[in-house]
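Following: one structure in structure tokens, then a few remarks.
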Number of protein chains: 2
Amino acid sequence: MAPPAPAPRRLQRTAGRRKPAGHYHHGDLRRALVDEAVKTIRTRGVDQLTLRAIGERLGVSRTALYRHFSDKQALLAAVSTEGFRTLRLALTAAWEEHGRGRPGFEAMAGAYVRFAVTHPAHYQVMFGRFVESAAASADLQREARAAFDVLVDALVAQQKAGIVRRDEPALQARFIWAAVHGIAMLAIDGQLGGDEHGEALNAYAIERLRRAIAATP
Amino acid sequence: MAPPAPAPRRLQRTAGRRKPAGHYHHGDLRRALVDEAVKTIRTRGVDQLTLRAIGERLGVSRTALYRHFSDKQALLAAVSTEGFRTLRLALTAAWEEHGRGRPGFEAMAGAYVRFAVTHPAHYQVMFGRFVESAAASADLQREARAAFDVLVDALVAQQKAGIVRRDEPALQARFIWAAVHGIAMLAIDGQLGGDEHGEALNAYAIERLRRAIAATP
DNA sequence: ACCTGAACACCGTTCAAGT
DNA sequence: ACCTGAACACCGTTCAAGT
């Protein structure tokens, strides 16, 4: 893996702030720390994530991290924030690329579970201690909210199209989110016994959820 | 709190086993360890659970635990097993005391979420690392399965009564479990913003899930 | 059989000191 | 400003030794 390119010599001077992001040991150590944390979590699991190992792997003292994060929890919050951003982009893409209707909605559900299954440890960090992390990080709160709003918007669009019941959108969205989240958790935990079993539940769940919120009685 | 009563002097001799449970420091140290772990988890959270503190609180060496559990993970598995047993009893009670029909099923859903909300840390241990724990503990696997079977049985009964679609019961049960589990997680995480908000989602979800699996089109 | 105390190999975090 | 090394106060677990 090639070393990251050095920070550009000429920096945009933001009015009022001097040298907002100078030359770190790694160009952008904060970025590198989050990336390395994600990588470790993905391969070794959350439990195996130690600040010392991260520092060592980046060729940096084990306390260098404290220049960019107040503590380990804050680093995990950053990982979580990035996770919600990735998730939101995946949901939006699925919704828009499938015509913002019934197929788009089903694609969204699929994208959600797929994200969880392909980023299991990441997903676990996102929902493991959400309240505590969100309370300490406005960024995380904002990003999680944005992801949720994608779902709300999709439901409102379908309500207007007459294919979904006109219930309170936020309430309806929480219900759908909870159900899909539960399926994602079961899938991650391997409680669905193999891929084809997981696919079967996924298909069944989408069919049942569609019926649950369908406009026509 | 009164100290536990000393172990009875005369023990039933199980054929083939000699002194199956002799006189521990605490009569039944294993039991005391699980209870203390549950208490700590409930009041301080899972993260704050240390074997040293448990030993100290029981007036026992910090390594005494290893006579009864292979490691910390095993202790947590025991906590988890007990949690599933309590959950199963609550589900069964709700189902049976409300007439094993539609009201019974709704009472079950309520009992499930109530268990999760009133035992949040306990619930987190149960589902936090389920696969790993279940793989190492046959007891846990059995107890979790038993709880799941309560739901399957309730669905089969309703299928026979003609009020629920005749889908594959295990698949249907996984769907319902996933949805309720998701709601429980949101409720625990406080993402429902207060009790009345949580109650509203709960009521809405039960109504929608009933529709999702209803027999009549 | 059951329990102990000392020891081992780890942690996250703090802080004075370097450049 | 950013980074370091030593130190602090913790962990879970092992193991020889006690009764």
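In what follows, every chain begins at residue 1, and chains take the letters A, B, ... in the order their sequences are listed.
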Between atom [atom1] in [X] and atom [atom2] in [N], what is the gap in whole Å?
X        : N       : atom1 : atom2 : result
Glu56(A) : dG12(C) : CD    : P     : 12 Å
Leu33(B) : dC2(C)  : CG    : P     : 13 Å
Leu29(A) : dC3(D)  : CG    : C1'   : 10 Å
Leu65(B) : dT14(D) : CG    : P     : 12 Å
Arg62(A) : dT13(C) : CZ    : C1'   : 11 Å

Review point. Hey, does the side chain of His68(B) come within less than 4.0 Å of dC2(C)'s phosphate (OP1/OP2), counting only N and O?
Key: no

Partners passing salt bridge (Lys or Arg N to Asp or Glu O under 4.0 Å) against [X] (at least two apart in sequence or in another chain):
X         : result
Glu96(B)  : Arg100(B)
Glu97(B)  : none
Glu106(B) : none

Check your understanding: Could you give all pairs that pass the side-chain hydrogen bond (donor to acceptor under 3.5 Å, both in side chains) test and reach residues 146-158 of chain A, with sequence neighbours left out?
Key -> Arg145(A)-Asp149(A), Gln158(A)-Arg210(A)

Check your understanding: For DNA chain C, what residues of residues 41-55 of chain B have any heavy atom nearer than 4.0 Å?
Key -> none

Show me the side-chain donor-acceptor pairs of residues 135-143 of chain A shorter than 3.5 Å, one per line, residues at least two apart or across chains.
from      : atom 1 : to        : atom 2 : distance (Å)
Ser137(A) : OG     : Leu140(A) : N      : 3.0
Asp139(A) : OD1    : Arg142(A) : NH2    : 2.5
Glu143(A) : OE2    : Arg88(A)  : NE     : 3.2
Glu143(A) : OE2    : Arg88(A)  : NH2    : 3.2

Exercise for review: Check each residue of residues 71-79 of chain A for a non-hydrogen atom within less than 4.0 Å of any atom in DNA chain D, then write out the ones that pass by number, or none.
Suggested key: none

Check your understanding: Given dC3(D), dT13(D), dT4(C), which nucleotide is nearest the side-chain atoms of Tyr66(B)?
Key -> dT13(D)

**Study point:** Side-chain touch Thr86(A)/His122(A), heavy atoms, less than 4.5 angstrom
**Key:** no

Scan [range] for pairs that pass salt bridge (charged side-chain N to carboxylate O under 4.0 Å, His left out), counting only residues two or more places apart or in two chains.
range                       : value
residues 176-186 of chain A : none
residues 43-53 of chain A   : Asp47(A)-Arg129(B)
residues 67-78 of chain A   : none

Practice item. Go through the structure and list residues passing ring pair (Phe, Tyr, Trp, His ring centres under 6.0 Å) with His119(B), not counting sequence neighbours. Key: Phe115(B)

Revision key, fill the gap. For DNA chain C, consecutive-pair runs of 3 or more (Watson-Crick or G-U wobble, both H-bond-type distances under 3.5 Å) give C:4-8 with D:12-16, C:12-16 with D:4-8

Review point. Rounded to the nearest 0.5 Å, how far does NZ of Lys39(B) lie from CD1 of Ile54(B)?
Key: 11.0 Å

**Study point:** Side-chain-base donor-acceptor pair under 3.5 Å for Thr63(A) and dG12(C)
**Key:** no

